[in-house]
There are 2 protein chains.
Amino acid sequence: MKMRSDYTCPLELTHDMIRGKWKPLILWQLKKGACSPSALKKSIRGISQKMLLQHLHELLTCGVIKKTSSYGYPLKTDYFLTERGKKIYEAVSIMQSVGIDMMLEDNREDFLRDKGLL
Amino acid sequence: MKMRSDYTCPLELTHDMIRGKWKPLILWQLKKGACSPSALKKSIRGISQKMLLQHLHELLTCGVIKKTSSYGYPLKTDYFLTERGKKIYEAVSIMQSVGIDMMLEDNREDFLRDKGLL
DNA sequence: CAGCATCCCCACTGATACTG
DNA sequence: CAGTATCAGTGGGGATGCTG
């Protein structure tokens with residue numbers, strides 16, 4: 001996300017921080033605990049290394065996550081949520097909940113349609 | 001937003017529903033009560049009529065908002081949040097809260113920097 | 001394994017003009 | 001006033017290969 005230099009609206013600011021396609025999924029995974037890039041890549045189906053690292057970097061810049069790096073081989077880095085990240089996760093959690101409701105309703109409709117009840 | 005036809009992840013589904021640049025602001029305004037397009041346009045600084053109507057249409061499609069239209073002149077239409085929309089608003093509200101915190105912290109840093117304390 | 005650089009496409013956005 | 005159509009710019013995202 002290209003961030004603007006001046007935000008007058010707090011909602012636009014936060015929205016831009018998590019607009020990226022994979023950001024909610026990354027936060028969702030990190031909520032489970034600190035995680036390395038390779039582990040994240042495994043758990044988020046379809047994400048490329050480039051997009052993962054790009055989004056991680058953007059989240060770092062906004063103070064939503066932080067990382068710990070151990071220099072020397074083998075390389076090992078862990079990303080984890082900051083307090084700000086945990087707060088944003090609450091919003092992500094609601095989004096997840098709404099999504100589940102929608103998918104259940106859709107399935108219910110499909111079910112009813114299959115039975116000729118809709 | 002170009003919606004996919006198949007969502008296996010509820011989080012991706014909801015995220016795509018509100019990724020549009022102006023969607024959170026529209027929901028924020030509608031939370032205050034039903035509103036006409038022209039009134040929304042006035043209250044959302046910088047939005048064009050095209051983007052407003054486009055996003056309203058997308059939100060309608062996803063069942064986040066609904067509208068009432070009175071045919072005949074002068075034309076009068078009101079958009080309002082559905083139950084689903086009100087639930088998503090809760091997430092938007094958290095985003096707003098996080099944004100306010102960030103802006104306050106930034107101002108605080110600017111303040112301290114001005115005083116030579118940072 | 002973590003991270004960066006390049007190239008390319010297309011979806012999102014915006015400006016403008018038009019219709020009922 | 002609500003809603004649609006067209007055109008053009010841009011930046012987000014994907015594929016791929018390279019480096020420490």
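Just the heavy atoms: all of them, side chains too, but no hydrogens, waters or symmetry mates, feed the values below. Worth saying up front: this structure is predicted, and the values here are computed from it rather than measured. Below, chain A is the first sequence line, B the second, and so on; all start at residue 1.
Nucleotide dC12(C) holds its P atom 10 Å from the CE atom of M3(B), rounded to whole Å. Following rounding to the nearest Å, Y79(A) (OH) and dA2(C) (P) show an atom-to-atom distance of 8 Å. Residue R45(B) contributes atom CZ, which lies 17 Å from atom C1' of dG14(C) at whole-angstrom precision. The distance between atom NZ of K76(A) and atom P of dC1(C), rounded to the nearest whole Å, is 10 Å. As a whole-Å value, the separation of I44(A) CD1 from dG14(D) P is 12 Å. Atom pair L53(B):CG and dC18(C):C1' shows a separation of 14 Å (rounding to whole Å applied).
The side chain of K21(B) contributes an N or O atom lying less than 4.0 Å from OP1 or OP2 of dG14(C). In terms of phosphate contacts, S36(A) brings a side-chain nitrogen or oxygen within less than 4.0 Å of OP1 or OP2 of dA2(C). OP1 or OP2 of dG3(D) sits under 4.0 Å from a side-chain N or O of K67(B). Proximity of H57(A) to the phosphate of dA2(C): no side-chain N or O atom is located under 4.0 Å from OP1 or OP2. The side chain of R19(A) places no N or O atom within less than 4.0 Å of a non-bridging phosphate oxygen (OP1 or OP2) of dG13(D). Close to dG12(D), at under 4.0 Å from its OP1 or OP2, lies no side-chain N or O of H55(A).
Criterion: ILVMFWY side-chain heavy atoms under 4.5 Å apart, direct or through other members. Under it, I18(A) and F80(A) are not part of a common hydrophobic cluster.
Within 6.0 Å of atom CZ in R45(B), 12 or fewer heavy atoms from other residues, nucleotides or ligands are found, so the atom counts as exposed in its surroundings. Atom NZ of K31(B) has 12 or fewer neighbouring heavy atoms from other residues, nucleotides or ligands inside a 6.0 Å radius.
Taking the side chain as every heavy atom from C-beta outward, L40(B) and L25(B) never approach each other to under 4.5 Å. Side-chain contact between Y7(A) and D16(A): present, with at least one pair of heavy atoms (C-beta onward) separated by less than 4.5 Å.
At a threshold of 4.0 angstrom between heavy atoms, the contacts of P74(B) with the nucleic acid are absent. Among the heavy atoms of the strands, none lies under 4.0 Å from S48(A). Among the protein residues, K41(A) comes within range of no part of the nucleic acid, since none of its heavy atoms lies under 4.0 Å from any strand.
Put simply, the side chain of Q49(A) and the base of dG3(C) share a donor and an acceptor less than 3.5 Å apart. With hydrogens and angles ignored, a donor-acceptor pair closer than 3.5 Å exists between the side chain of K50(B) and the base of dG14(C).
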